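Below is one structure; the comments refer to it alone.
Every chain is numbered from 1, with letters handed out A, B, ... down the list of sequences. Predicted model, so just to flag it, every value in this text is computed and none were measured. Basis for what follows: all heavy atoms, side chains included, without hydrogens, waters or symmetry-related copies.
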Number of protein chains: 2
Amino acid sequence: MKTTKSIEDYLEAIYVLSLKNKPVRIKDIAKFLSVKLPSVTEAINRLVKDEYAVHTPYEDVILTKKGEYVGKNTWEKHQILFKFLKDILKVPQDKAFREACLVEHCISDETKDKLKKFMKSFQNNTERIR
Amino acid sequence: MKTTKSIEDYLEAIYVLSLKNKPVRIKDIAKFLSVKLPSVTEAINRLVKDEYAVHTPYEDVILTKKGEYVGKNTWEKHQILFKFLKDILKVPQDKAFREACLVEHCISDETKDKLKKFMKSFQNNTERIR
DNA sequence: ATCCTATATTAGGTTTGCCTAACTTTAGAG
DNA sequence: CTCTAAAGTTAGGCAAACCTAATATAGGAT
């Protein structure tokens, strides 16, 4: 099933927020993504329709297995890209973060895995050289 | 001036097509980007309005300096990303190409330059090792 | 128990960028 | 020179995803 950038952003936000072990509310998501409350309500309806999340009005938002998978995966892509940009290319931290937020929606799982492995071996090599 | 993904796609297409030293027509752009003719006409109007291109109805499309700069820059980002994905990460060629098409709109000039330098030094190093 | 405030939802509007269908222009074949 | 086919434009529509303004709900303070 294809996911849009927007859907991935919401799933990632909910996933990251849920790592804090506090119920995830609409307002938390709005704050996290810098969008207004009605945009979140609308987006959550889409997520529920496609079975990425469970939500009853005025209650917490909860990811399904499927939603959690996508949210976690997107967040992992973000983290790997951020590390690559910051630690290897030496892009300033804030710019690296912002670009990771965009690129995370563009790369496949295969590229994610290969980038991860590349960084591991690259860092091992530079350690050996030192 | 901020450019959207769509505008960058059109400028890049026109730039690449113009490298062939043949006048660039609406239909060429449509074919290149896999969109329909009216979408191109409409996009060109946007480009002309913002002075990225010059166009009189039923004639060739010509980039301004400003438009050429963006088109060329986007194409360079594409090529560097493609190379990185294909030659360093070993992502299959067609997948590497498709992802480069998406990521090219997400990275800054700084990241482009740093990725280029990184690849140069990386390839020098692996050559030395061999 | 009531009421107020923070949170959430609904309704309706905007922008971007694509589409199809219908119409116009241009250039080249005859 | 005409006329037709390819190329381009115009008109109108659609979907995604955001917004503001207005309305509804729920839970805590009194």
Take atom CD of B:E59 and atom C1' of C:dT24, then tell me their distance rounded to the nearest Å. 15 Å

Of the nucleotides D:dT9, D:dA17, C:dG17, which one has an atom closest to the side chain of B:T4? C:dG17

If you check the A:K27 side chain, which of D:dA7, C:dA8, C:dT10 turns out closest? C:dA8

Of all the choices, C:dT7, D:dC18, D:dG8, which nucleotide is nearest to the side chain of A:Y10 once you look at every atom? D:dC18

Within the structure shown, what part of the strands sits under 4.0 Å from B:P57 by heavy-atom distance: base, sugar-phosphate, or nothing? sugar-phosphate

OP1 or OP2 of D:dT9 sitting under 4.0 Å from any side-chain N/O of B:T41? yes

Donor + acceptor pair across side chains of A:T3, A:E8 (<3.5 Å): yes

Starting from C1' on D:dA17, measure out to CG on A:L33 and report it in whole angstrom. 13 Å

Tell me: CD of B:E8 to P of C:dT16, nearest whole Å? 15 Å

Side-chain N or O of A:R46 closer than 4.0 Å to phosphate OP1/OP2 of D:dA16: no

In whole Å, what is the span from the CD atom of A:E42 to the P atom of C:dG12? 14 Å

C:dA27 OP1/OP2 closer than 4.0 Å to side-chain N/O of B:R25: no

Aromatic rings A:F122 and B:F122: how do their planes relate, parallel, tilted or perpendicular, breaks at 30° and 60°? tilted

Hey, does the Lys NZ or Arg CZ of B:K72 hover above the aromatic six-ring of B:Y15, less than 6.0 Å from the centre and inside 45° of the axis? no

For A:F84 and B:F84, run ring pair (Phe, Tyr, Trp, His ring centres under 6.0 Å): C-alpha distance rounded to whole Å, both residues' side-chain angles, the deciding distance at 0.1 Å, then the answer. CA-CA 13 Å; A:F84 176 73; B:F84 176 73; 5.3 Å; yes

Take B:I26 and A:S6, find for each the nucleotide of DNA chain D with the closest heavy atom, and name the residue whose nucleotide sits nearer the 5' end. B:I26

Could you tell me how far apart A:I44 (CD1) and D:dA17 (C1') are, to the nearest whole angstrom? 14 Å

Whole Å only: how far is the CG atom of A:L47 from the C1' atom of D:dA17? 13 Å

In short, B:A100 meets B:L85 closest at the heavy-atom pair N-CD1, 4.0 Å

For B:L37 and A:V35, find the nucleotide of DNA chain D closest to each by heavy atoms; which residue's nucleotide sits nearer the 5' end? B:L37

Just to confirm, is there a sub-4.0 Å distance from OP1 or OP2 of D:dA17 to any side-chain nitrogen or oxygen of A:S39? no

Rounded to the nearest angstrom, tell me the gap between atom OH in B:Y58 and atom C1' in D:dT10. 9 Å

Rounded to the nearest angstrom, tell me the gap between atom CG in A:D60 and atom P in D:dG27. 11 Å

Tell me whether the side-chain N/O atoms of B:K36 come closer than 4.0 Å to OP1 or OP2 in C:dC19. no

